[in-house]
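Lettering of chains follows the sequences in order, A, B, ..., and the numbering in each one begins at 1.
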Amino acid sequence: MTNLVENVTQQIKSVIRQSLSKAIANGEIPEVEVPEISIEVPREKGHGDFSTNIAMQVTKQAKKAPRQIAEILIKNMDTSNTYIDGIECAGPGFINFRLNNAWLYAALKGIQTDKENYGRIDIGNGRKVMVEFVSANPTGPLHMGNARGGALGDCIASVLDAAGYDVTREFYVNDAGNQIEKFGISLEARYIQLLKGEDAIVFPEDGYQGEDIIDHMKDYISANGDKLLDVESAERRRILVEYALPKNIERIKAGLESYGVKYDVWFSEKSLYDSGELKETLEILKEKDCTIENEGATWIKASVLGAEKDEVLVRNNGIPTYFAADIAYHRNKFLKRNFDWVINLWGADHHGHVGRMKGAVSSMGIDPDKLDVVLFQLVRLYRNGEIARMSKRTGRAISLTDLLDEVGRDAARFFFNMKASGSHLDFDLDLAVKQSNDNPVFYVQYAHARICSMLKILEGEGVTVPAADSVNLELLQKAEELELIKRLAEYPEEIRISAQTLEPSRLTRYVMDVAGLFHSFYNACRVKGEEENIMKARVVLVDSARIVIKNVLQLLSISAPERM
RNA sequence: GUGCCCGUAGCUCAGCUGGAUAGAGCAACGGACUUCUAAUCCGUUGGCCGGGGGUUCGAAUCCCUUCGGGCACGCCA
């Protein structure tokens, strides 16, 4: 697994460390406790390829001016057998390193060797991580919040996979509890209304208003008639739920699949009731003295949750709350299935639940730091510059399916991952289908198609991508070439940072950047028709850009067309 | 009222575990196609990083405060 930036960074750190010890040993700098050396890429190109602020960091300890320390360190640096070509002290005390291009050529070779695996790293070390996302109520269609959560969760999972984690994608099916009761009541009310008229029964105030409930009952009646009218209410609801729930779950599965999201596990909430795990969890909490009884209900203590007030676990009617089931569910994730790390994606409106959940997890003896909750802000759709709420086709609230019909999977997934999860997202429906340069999806895909087209034409003339070892990559000297290579070399680091911050949006920006650098290169340098050695070197470069763009798009589950 | 998130260019956003002269895309304006895809490129214009304090060698970044926007505070999920 190639990661030249990592190699180079280590090399520089090692040079600094040796220089520091040497300076201490010969008394130029007093004994200091060496902090973690940080190497960064300066914003300003004139400041070299990499830089460190180590001299400023040890200023206090060493009791010398930062620039003075920097000069001493530079004097003691041994750069033989490294990529380092020049070192200088600059600004308030930065040490800037300029590298020779050999590391860039090594990066190109690495890309050609790794191919579709280029970018993969191993910071995860095979640790088991679960990403639980969408987990929409199966009482209706998927909405825009689910759409954002779906794109985000799936890509977080992919990033972690690329970073070397053993990833499980999971959907928690809320097929038990209160909302299923409400679902049943809603279905029943519509059933009766359809057969006996609107006035035959008052639709419950907290019932599900969606038209899909009526559609279900129309379908049911046309297949099964009115035979349930005589059936006792509880039984009738059970039958109707049993009819409609699997249909909804299937629709959710199908919708997510056409969105490019595939789950490893569909975990049933009901199974926690059936297996007795929920009961078991409640008993454990009781034994640990985490609960109290009050007004006929069972509560979990605020002190356990690190919260200000107690929360109900079992209602006075005996039905456990969602929270109780969620505690059992998380106990299952950590203690029954032994995940090392669990990531939940929740809409920002659930933020109040985070602290409670961590507290509850902690009360089960689980390190709450093993649970991360990614909160994502809500989505606003825009059409013709105005907020759009309704689907043009159905006249109902825009569902995931409507969105996919209107803009397609590629644009939807790309747009939802363009911004950090914590920022509000305005989704411009017009822009997403526009085939022009202001649409970033097309910009990136076009770069890929352009490369493929070039390679195809060259192939027609008998030029295939040569082995990187067989060409003189040092012929790549132009600024546009070197900048492109440098950015390609950074891909594994981009994966690392995305994984650590759980922000795939970093990768959409990265791939836009790579596409832009490629387009610049394309306009500055020709490949076909150039002198043979230069052409060969450039073919390697162009093909490497293709590999990187393709790998990123693949990771985001966005297509990389070869022709447009 | 209490808590969480967000305020950066005309618009949409990066940068936020402190670093050098605050970036990108779009929009606006001006250029580049007889040559591998102009769905492209090159250039120009554009900023009191919401305001005010503090911390220090250094603050968009950390702390306090204030203003503006969103959200949550159920025996809903």
Choose from [options] the nucleotide whose nearest atom is closest to any side-chain atom of [X].
X         : options                : answer
Ser51(A)  : A20(B), C71(B), A39(B) : A20(B)
Ser520(A) : G19(B), C41(B), A77(B) : C41(B)
Glu295(A) : A14(B), C71(B), C75(B) : C75(B)
Arg356(A) : A77(B), A20(B), U37(B) : A77(B)
Gln377(A) : C41(B), A77(B), C5(B)  : C5(B)
Tyr446(A) : C76(B), U40(B), U35(B) : U40(B)

If you look at every strand shown and take non-hydrogen atoms under 4.0 Å, does Tyr522(A) touch a base, only sugar-phosphate, or nothing?
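Tyr522(A): base contact, heavy atoms under 4.0 Å.
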
Among [range], which ones have heavy-atom contacts with RNA chain B below 4.0 Å?
range                       : answer
residues 138-153 of chain A : none
residues 499-517 of chain A : Arg509(A)
residues 307-318 of chain A : Lys309(A), Val312(A), Arg315(A), Asn316(A)

Between A77(B) and Tyr208(A), is there an OP1 or OP2 to side-chain N/O distance shorter than 4.0 Å?
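The answer is no; no side-chain N or O of Tyr208(A) sits under 4.0 Å from OP1 or OP2.
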
Can you check whether Asn523(A) has a side-chain N or O nearer than 4.0 Å to OP1 or OP2 of U40(B)?
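Asn523(A) to U40(B) OP1/OP2: no side-chain N or O under 4.0 Å.
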
Whole angstrom is fine here: how far is it from [atom1] in [X] over to [atom2] in [N]?
X         : N      : atom1 : atom2 : value
Asp206(A) : C75(B) : CG    : P     : 15 Å
Lys478(A) : C42(B) : NZ    : P     : 13 Å
Asp428(A) : C26(B) : CG    : P     : 14 Å

Could you tell me the Watson-Crick or G-U partner of U40(B), where both distances fall under 3.5 Å? Say none if there is no partner.
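When the pairing criteria are applied, A32(B) turns out to be the nucleotide that pairs with U40(B).
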
Describe, in one word, how the ring planes of Trp346(A) and His353(A) are oriented to each other, choosing from parallel (under 30°), tilted (30 to 60°) and perpendicular (over 60°).
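It falls in the tilted class, 30° to 60°.
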
